[in-house]
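Below, chain A is the first sequence line, B the second, and so on; all start at residue 1. Note that these values count all heavy atoms, side chains included, but never hydrogens, waters or copies made by symmetry.
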There are 2 protein chains.
Amino acid sequence: MSSEHSHSHHMPATKPVKRNGLTKGAQVVLDALEQVKELASAQDIYGRLRQGADKAPGLTTVYRSLESLVAMGYVQSVDLGDGEKRYEVVNPGEHHHHLICDKCGESNHLDLCMVEEFEEAIRAKYGFQIKSHVLEIFGVCSRCHGHSKKI
Amino acid sequence: MSSEHSHSHHMPATKPVKRNGLTKGAQVVLDALEQVKELASAQDIYGRLRQGADKAPGLTTVYRSLESLVAMGYVQSVDLGDGEKRYEVVNPGEHHHHLICDKCGESNHLDLCMVEEFEEAIRAKYGFQIKSHVLEIFGVCSRCHGHSKKI
DNA sequence: CTCTATGCAAATAATTTGCAAGCAC
DNA sequence: GTGCTTGCAAATTATTTGCATAGAG
């Protein structure tokens with residue numbers, strides 16, 4: 001599997017927005033994800049659900065729910081480069097990128113998408129029609145400037 | 001492991017450039033990677049080396065070599081979002097992003113880095129000091145426009 | 001000789017899949 | 001009843017690690 005790549009987690013330039021029709025599991029997962037303000041992985045959500053309720057969905061269901069939530073545009077998947085994908089609730093059809101602090105780990109949303117800014121230029125120059133993209137930025141946030149704390 | 005992220009594969013805004021001092025394994029891996037013009041995964045390189053020579057480095061060595069090559073700035077790691085990281089030789093200290101075609105799988109280099117373009121604006125607006133970033137763009141390349149071929 | 005590089009096998013860990021049972025309509 | 005949803009366990013797969021040996025300086 002070396003010439004294949006999945007796109008479910010990318011951020012389409014435009015996104016089809018469907019409404020509702022969530023399975024019970026997906027609803028529970030979405031609720032949980034809505035409560036977490038931070039990015040959460042499938043395992044995070046699973047663990048979190050395990051604690052809260054006695055009748056929590058299984059790990060498989062969490063994975064499958066996230067998959068469909070992403071497909072429906074309710075959730076955005078974020079790849080930080082470690083082996084674990086994170087998820088975050090978004091307004092259907094929207095997406096955003098993150099400024100992730102190397103020191104404290106906090107992530108803030110970027111309010112603009114540079115790729116969209118360059119989309120037309122790229123089509124003009126390369127004849128390339130953008131469908132989706134991945135963009136995450138790492139560095140040091142304002143609160144951590146000058147600090148020497150390690151996570 | 002939910003609040004941790006590795007950065008070895010990101011593209012620093014500035015990069016320290018050291019010279020040579022490669023282990024035998026790293027040299028072999030670098031050579032192999034130089035011959036492949038496409039992005040190649042550790043497993044790709046391993047398989048490729050297995051074929052060519054009788055005395056090819058083991059998989060572990062390939063992984064370790066890639067790791068050090070990336071650290072030295074000779075190689076860039078690219079995350080396409082499937083579980084498999086790809087690697088590519090770069091001029092030491094440089095980096096670039098890709099336009100990856102969903103249809104034919106080919107990847108072309110972008111000749112500009114949007115993140116660098118916005119680096120100062122982001123520092124000004126968010127007080128965020130960028131250290132590295134991930135950016136890959138997916139879509140349809142010019143050659144595949146109008147075609148309906150699936151990979 | 002001493003330290004680093006290497007290889008193999010075993011361990012990790014996230015995610016996926018097969019399959020049987022449960023639930024919805 | 002029929003089909004989608006769920007759960008558990010087993011399988012997959014990339015990557016990492018332990019440890020003992022080979023090689024370089």
Could you give the [atom1]-to-[atom2] distance, from [X] to [N], as a whole number of Å?
X: B/Asp44; N: D/dT13; atom1: CG; atom2: C1'; value: 14 Å
X: A/Gln43; N: C/dA13; atom1: CD; atom2: P; value: 10 Å
X: A/Leu80; N: C/dA14; atom1: CG; atom2: C1'; value: 14 Å
X: A/Asp79; N: D/dA14; atom1: CG; atom2: C1'; value: 14 Å
X: B/Glu67; N: D/dT15; atom1: CD; atom2: P; value: 12 Å
X: B/Asp82; N: C/dT16; atom1: CG; atom2: C1'; value: 14 Å
X: A/Glu84; N: C/dT16; atom1: CD; atom2: P; value: 13 Å

task: Pull out every residue in residues 22-29 of chain B that has a heavy atom closer than 4.0 Å to any atom of DNA chain C, ordered by number, or say none.
output: B/Thr23, B/Lys24, B/Gly25
statement: Sorted by chain and number, sequence neighbours left out, salt bridge (charged side-chain N to carboxylate O under 4.0 Å, His left out) with A/Lys125 holds for B/Asp111
Test side-chain contact (heavy atoms from CB on, under 4.5 Å) applied to [X] - qualifying residues, sequence neighbours left out:
X: B/Arg50; value: B/Tyr46
X: A/Tyr63; value: A/Ala42, A/Gln43, A/Leu59
X: A/Ser107; value: A/Glu38, A/Leu39, A/His98, A/Ile100
X: A/Ala32; value: A/Ile45, A/Leu49

Residues in side-chain hydrogen bond (donor to acceptor under 3.5 Å, both in side chains) contact with [X], at least two apart in sequence or another chain:
X: B/Glu106; result: none
X: A/Glu120; result: A/Arg123
X: B/Asp31; result: B/Gln27
X: A/Glu34; result: none

Find every protein N or O atom lying less than 3.5 Å from an N or O atom of nucleotides 8-11 of chain C, and list the pairs.
unit_1	atom_1	unit_2	atom_2	d
C/dC8	N4	B/Thr60	OG1	3.2

query: Which of these nucleotides, D/dT16, C/dT15, C/dG7, is closest to any side-chain atom of A/Tyr63?
result: C/dT15
- request: Specify the angle, to 10°, made by the local axes at the two ends of the helix from C/dC1-D/dG25 to C/dC25-D/dG1 when five pairs are taken at each end.
  value: 20°
- line: Between A/Ser65 and B/Ala42, the residue closer to the 5' end of DNA chain D by nearest nucleotide is A/Ser65
message: Check the orientation of B/Phe118 and A/Phe118. Use parallel for under 30°, tilted for 30 to 60°, and perpendicular for over 60°.
response: perpendicular
Separation between CG of A/Leu22 and CG of A/Leu69, rounded to the nearest 0.5 Å: 6.0 Å
